[in-house]
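So the structure is just underneath, and the comments pick up after that.
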Amino acid sequence: QNREATSGIRTLRSKGARSDTLRGHRVSSQLDEIVKQEQLLFSLRNLVTKEWPNAELHLYGSCANSFGVSNSDIDVCLAINNSELSKLDILLRLADILKSGNLQNVQALPHARVPIVKLMDPVTGISCDICINNLLAVINTKLLKDYAQVDKRLRQLAFIVKHWAKCRQVNETYQGTLSSYAYVLMCIHFLQSRKPAILPCLQGMKVTYKAVVDDIEYSYYDQVEKLHNFGAHNKESIAQLLWAFFHYWAYKHDYTKDVISVRIAGTISKHAKDWTRRIGNDRHLICIEDPFEVTHDLGRVVDKFSIKILREEFERAADILQYDPNPTVTLFEPY
Ligand code: CTP
Ligand code: MG
């Protein structure tokens, strides 16, 4: 019996050692990735500032908002104040500069919804998309990152929801479903609405961060290191929250009347925003207000077919988490 007990301990110890090694490996490969990203950003900055000394390059999206999985591709925004050149001219000039700088597959896509230059860096192997003056994306990237630092359940929930959305093919804006950015906002809104709240309303607190874009000021509270205990009164587990998230979007949300708003940590009526009827291609069938660009409904890509698909997927997920004996498999079954 003693021998069994000792060998049990040994097995446990060796498992522990193995997971430490795995964790060590993961941390070092994450570090590798960050170092490579910095290296690429450094050489891009060198190239760009030779032509435009006052231009800046910022990371945005999942490589910088802390909601990305390991994947070394990066999204970059070129911030440039140049009244002589049109945005198109800047984009084309940027592509020329990059081509002369030993980068591969440089391609300008001026007619994309967000015009970009794509490239691949042969030194680090990283692919990169560069957009011009999309500074609100840089600011909302910081907002998401700041919210993630308040309570770790936000990242846990958002990772699962993003993974679910990709498996179930409801993360494709060109097919009328929602962007990852929209899903993260839905998670933030949901955690702000728990009782007691798990996340605060950073845009409703004392201003500690300000940025000006096109003469409009955007501000919020960003001293999130002081908010580490904010959600401590709420003891809900990630399993409970995941079910409640899907249950909310399946059965509780009022799709005919409500707009969700992270900016006010609540809902606003569609009527108040004048989002009650279809204007052009904007149908407002599920309404998610952008926290800074408040006239922008992130649900505007959703049409009368995809809203049905989305709502059926929310119901499917809620029902699986409630009744399925093996939910972790069924929930993510590829569509
Ligand atoms: N963005 C935005 N407005 C949108 C969609 C996206 O401002 N309607 C910006 C946000 O800054 C967002 C970034 O573009 O962080 C990238 O969006 P998206 O690809 O949806 O999110 P990621 O976090 O990059 O998710 P994924 O890992 O799926 O690429
Ligand atoms: Mg992305």
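On a predicted model such as this, the values are computed, not experimentally measured, just so you know. All ligand and atom numbering here is 1-based and tracks the order in the structure.
- The atoms of ligand 1 that sit less than 4.0 Å from any heavy atom of Thr141 are 11 (O), 15 (O).
- Shortest contact from atom 22 (P) of ligand 1 to any protein heavy atom: Ser62 CB, 3.5 Å.
- Checking Tyr60 against Asn134 by side-chain atom types alone, no donor-acceptor pair falls below 3.5 Å.
- Scanning all protein heavy atoms for the shortest distance to atom 27 (O) of ligand 1 gives Lys162 NZ, 2.9 Å.
- The N/O atoms of Asn171, backbone and side chain alike, include none that comes under 3.5 Å of an N/O atom in ligand 1.
- Closest protein heavy atom to atom 26 (P) of ligand 1: Ser180 OG, 3.5 Å.
- At the shortest separation from atom 15 (O) of ligand 1 among protein heavy atoms lies Gly61 CA, 3.3 Å.
- Note: no N/O pair closer than 3.5 Å links Asp75 and ligand 1 by distance alone.
- Aromatic ring orientation, Phe246 versus Phe314: tilted (interplanar angle from 30° to 60°).
- The residue from Asp75, Ile74, Leu78, Leu91 that alone fulfils the side chain to side chain contact (heavy atoms under 4.5 Å, CB included) condition with Ile130 is Leu78.
- Taking the six-membered ring for Trp and thresholds of 30 and 60 degrees, Phe245 and Phe190 have ring planes more than 60 degrees apart, a perpendicular arrangement.
- Polar contact with ligand 1: present for Asn65 (N/O pair, distance under 3.5 Å).
- In this structure, Arg168 is not positioned above the aromatic face of Phe332 in the sense of NZ or CZ being under 6.0 Å from the six-membered ring centre and within 45° of the axis.
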Pair Asp121, Thr124 - check side chain to side chain donor-acceptor pair (under 3.5 Å), show working. CA-CA 6 Å; Asp121 173 31; Thr124 58; 2.6 Å; yes
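- Residue contact check: His296 has heavy atoms under 4.0 Å from atoms 8 (N) of ligand 1.
- Salt bridge absent: Glu236 and Lys195 never bring a charged side-chain N and a carboxylate O closer than 4.0 Å.
- Note: Tyr218 and Phe292 have perpendicular aromatic rings, judged against thresholds of 30 and 60 degrees for the angle between ring planes.
- Looking at Asn140, Asp73, Asp129, it is Asn140 that brings a heavy atom closest to atom 7 (O) of ligand 1.
- Between Phe67, Tyr60, Tyr181, it is Tyr181 that holds the heavy atom closest to atom 6 (C) of ligand 1.
- Using a 4.0 Å cut-off between heavy atoms, Leu298 contacts ligand 1 through its side chain alone, with no backbone atom that close.
- For the pair Lys142 and Tyr209, the distance from NZ or CZ to the six-membered ring centre is under 6.0 Å and the angle to the ring normal is within 45 degrees.
- Closest to atom 9 (C) of ligand 1 among all protein heavy atoms lies Ala137 CB, 4.0 Å.
- Protein heavy atoms all stay at least 4.0 Å away from atom 19 (O) of ligand 1.
- Residue-to-ligand polar distances keep Asp290 apart from ligand 1: every N/O pair is separated by 3.5 Å or more.
- Using cut-offs of 30° and 60° for the angle between ring planes, the His253 and Tyr255 rings count as perpendicular.
- Heavy-atom separations between Lys166 and ligand 1 include at least one value shorter than 4.0 Å.
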